There are 2 protein chains.
Amino acid sequence: MKMKTFLPSVVTLFFLVKVDGRTEVTAPLEMLQPVPFTAVKITDSFWSARQETNRIATIPISFDNLEKSGNLEALRLAAQGATNGSRGPVYRDSDVYKALEAASYSLALHPDPMLDRQLDEIIATLAAAQQPDGYLNSYFIVQEPTKRWTNLRDSHELYCAGHLIEAAVANFQATGKTNFLAVATKLADHIDSVFGPEPKRLGYPGHPEIELALVKLWRATGERRYFELARFFIEHRGQHYFATEHHTPPEKYDGTYWLDDVPICDQDKIKGHAVRAAYLMSGATDVARETGDPALLAMLDRVWRNTTEKNMYLTGGIGPSKHNEGFTTDYDLPNLTAYQETCATIALAQWSARMGLLYGDAKYADVVERGLYNGMLAAVSQDGKKFFYVNPLESAGNHHRQGWFSTACCPPNAARTIAALGGYAYATGSNSLWVNLYVQGQMEAQIGGQPIRLDVKTDYPWDGKVILKPLLKSAANFALHLRVPGWCEGATVRVNGKAIFAPEFTRGYIVLSRLWKNGDVVELNLPMPVQRVAANLNVTADRGLLAIQRGPLVYCVEQCDQTAPVASLVLPLDAELKVEKSGLFGGVAVIRGIGEQTGNSDSSQALYHHAVVPSKRTEITAVPYFVWDNRQAGPMKVWLPVAPTTP
Amino acid sequence: MKMKTFLPSVVTLFFLVKVDGRTEVTAPLEMLQPVPFTAVKITDSFWSARQETNRIATIPISFDNLEKSGNLEALRLAAQGATNGSRGPVYRDSDVYKALEAASYSLALHPDPMLDRQLDEIIATLAAAQQPDGYLNSYFIVQEPTKRWTNLRDSHELYCAGHLIEAAVANFQATGKTNFLAVATKLADHIDSVFGPEPKRLGYPGHPEIELALVKLWRATGERRYFELARFFIEHRGQHYFATEHHTPPEKYDGTYWLDDVPICDQDKIKGHAVRAAYLMSGATDVARETGDPALLAMLDRVWRNTTEKNMYLTGGIGPSKHNEGFTTDYDLPNLTAYQETCATIALAQWSARMGLLYGDAKYADVVERGLYNGMLAAVSQDGKKFFYVNPLESAGNHHRQGWFSTACCPPNAARTIAALGGYAYATGSNSLWVNLYVQGQMEAQIGGQPIRLDVKTDYPWDGKVILKPLLKSAANFALHLRVPGWCEGATVRVNGKAIFAPEFTRGYIVLSRLWKNGDVVELNLPMPVQRVAANLNVTADRGLLAIQRGPLVYCVEQCDQTAPVASLVLPLDAELKVEKSGLFGGVAVIRGIGEQTGNSDSSQALYHHAVVPSKRTEITAVPYFVWDNRQAGPMKVWLPVAPTTP
């Protein structure tokens, strides 16, 4: 397992944070370093199976589809100096880049010379397509060579560049080769020559993404200019540049969709296009991490809370509306018409993971876990060959995964996320190790200059028992932070067989500070009963409804498992629900219970009717949300009525 | 009790009705005649108390307020030929007319020479203010004499004229005097000289009302021109006259608010301003009754069903939105922000009563009853001195009745409705007597030329037992139709002590056809258990919630009756609810039961939380909705959660 060196930036800062109008000084805060996915080996049956399917099915299929759809051909035409013939939307290159990123991650975990060669060929095409000044975008090179950087609002040029950079950093990180990174730095240098403070020009992307990519590039290369350019894009946002660009009169300009309505530090809630918003906030978090700007930090805290406390689906996704692929009003979370784009679930997880590194609070990893184990995972079929773009929490039976999309942002986004999953699991501080996700396998890191390996044994998410064993060259004093998930009550921990009563518990983590020695064994127990979840009363779509969750997994009922119609099912509060290991999909745990079936379908058209207690009991079987739509098509629901008050 | 003669129009027709695109020929339909309120004497403790409060408090207060607010002064200034000094909104005269209508009805039931004189004085002022050509509107006479009939969209001229006509007909009906009717006919003649087919001009009111008033005037006077003018206004509506009037370009014109978007027969659902919509439909029903126009009848059926099946509150009101005082989308029936203007509840009852006379179907009287016993009745305080304009089904404790309003349409509208309540109770066919509301007292009518009196004894709405005794000069063969309310299951009937098994039951009425003799006794029993009501699943605002209803009365919980906070109350499906006669407000029946109190208020801010079964049981006391906000102010709810799924 190769270890790449990233820029160390362990900084201790006092933050002045404005929260709800008050200025607060936080405790001296040590920002955490993520343990890169390359240093995390996953050996469980849960994620490793998904990673294997990703490697053998999703990634090859992605390249096949990018060939069929013309995305790769468009890049070859650009490389050949063609002036026509290319096809696909203006953002087509980004789909290739995300597939390259996914393949690079996969390569790091599973060496594959053929795949490596395939990637190098595409990278060579990119290098050939790149213009002498560093510019690279197949659409503008072939179709609109005179229109470069003239429509930042809609053209996705900076968005595509961002994904190229992310892919290049991933490839460098995975292979140690610099062929792709060279293309990325040349492109970034070009962009840096165009945008920035006077005498360079103002601008920022209609679709954020490059900001976080430039920070990655800075960390991979040490070139500070890339960070400064990311900072420029973030800090200038909200100056109504798109109005200027499109000659929109001020009174007619509404920058909400692009979060260009107010200066970024004045954003008071999440809004606009969900993926754009969360990518922007990720980049802003990266910038704030470095600058410590209190106004930016306060904004991030405010908007993250608004996002996760009033605008997030139970499955960890965001953006209820198809209309703007984004947000409407707080608590508007319809189930049947939920848009919840796959990319938006991923974007929120990315942003939340960054926030968690900033504050060391488990609430951020709670959101990461919710999104990755539910919304993101559901986006790919069990065979890895079909994909959801839109992720409703209820279906009449007519919503299905597709083989590919003309706008193919989601499939490779899920692929890169699954491949690099391990990167979300651990973090380190100067004298601490943080476990955010419980995944069987090994992790390698350095704490206070000393290498440490952690062996983890667990059947999570099916079981809450986790055995952690540090492996050290010599005894070391550090604090092991074990996240107690927000869904968990009654977590217990033993060290070397001895129960630790009332362990230190800080910001959602059990903290075990001691001199760790080889042979130490930590046993964490996270009780995992079946839970009924209710939504805030303000979520009108979920009123009177309950969802089933066990551990991090949100469950749903699919018609193929029921004897009664899904629409008629009622889940009383006192129904006993039992978990049962099944033979489905490699052994997912299903949940069974005796619920009720409403009978009064006569009154289904009436505006008001007598509430009748149904007489018929019926078995209800729920399966994890992430496996839905992998069997016989039919109605699906995450939220079930708690009482038969509705026909 | 004086009996006025109205134009008989008992017509037997075959109707061709288009229902859902199909043309259907209805059975030969005998349209019913309402028994006028003047022929109905109410002697119960329920309505007669409200009528007495109306007479001694609400009506005098209305005239006091109309004086204080300048409405009466404006009419006097018009009478004096003043050219300035008047104040009040453009529709100010209508409030005076509705108060005159209420006072006239009251006078018919309770002779009062002083009130009679007070009315005659105001009528004399009106006569003096009336212009030589018949025009009468204080706003235009004093403030804008050159602008008559130039802004039908906004000026409310025809609306005010309509209310003047309704008041004049009521006064004529109540007193037999023609002083007011003379003003009305002169005004109607003037309007008839302005509007109509070529060479007269096109136009119709922005706020419908005059249509139904002109039909009343036709019936009171026999002058067919008034009917034809009403028909003209109805049948021309939808020609975008308001766009022409205001030079609105066709592409910018949205006539929805005024129901001027499409020709009236093409209306497919209820829309726009609620009161305007329902007054228009009432007038259209009057016109359709006479013309038998199949397209108009089909529209009325279609729109009435849409109104009552998808857009009506449990309390019988309509129009959820403050924004347009009207409709939004089907099933949008929020409780806390319910607008449900008092006038709109009354307007729907008026329209539904008209539909019931057309079709002899009890479903129409169900809506009348729902509105009159709940929404309308709640609009006036128990002391008759304060009024609701807006009628929410939930309150945080800050919504209260007011002494008066600058737009004072609602108080006198409730007053005229309460005074003439008896007019909704009975109808006759050529050989039938129809009982729609069960109110203790007497009714006089003619059936087949023979006078009949019906004595009714009941404690309705507190008890479902109704004793009806026909009093006849000689035995008569006719069909007695007894409405079985939609809320009632298991109604039974006895004639002369003998149970009638499986009585004829047609369109919601038990039909007793026999040779009726003096001394016959009919005993109707309408079982009146406490009922839990649920809303259609599409009503997101009511999901997971239940309401309590007993007989026609919708109940609510007020904080002053509870030990637990209203917000924490849960009403399980299996909680036993008992009815109990109380000493409140002359003896309303309260409903008590053991419910639950949710405890997990900690999680009230969380977006998702574990559903917890609360441990605390608590007594819940519900009172009829119509008495709410008459005691200590506090939170109120009609709909309660059925399970503690929400904090």
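Source: prediction; values computed, not measured. Residue numbering restarts at 1 for every chain, and letters A, B, ... go by the order of the sequence lines.
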Q | Main-chain N/O of A/T540 paired with B/R543 side-chain donor or acceptor, under 3.5 Å | A |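 No; zero donor-acceptor contacts below 3.5 Å.
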
Q.
I need the minimum non-hydrogen distance between A/D542 and B/Y608, along with the two atoms involved.
A.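 That would be OD2-CE2, 4.2 Å.
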
Q. Is there a side-chain contact between B/N311 and A/L607, using heavy atoms and a 4.5 Å cut-off?
A.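 The answer is no, as the side chains (C-beta and beyond) never meet within the 4.5 Å cut-off.
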
Q. Which bit of A/Q549 comes within less than 4.5 Å of chain B, counting heavy atoms only: side chain, backbone, both or neither?
A.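 Neither part; nothing is under 4.5 Å.
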
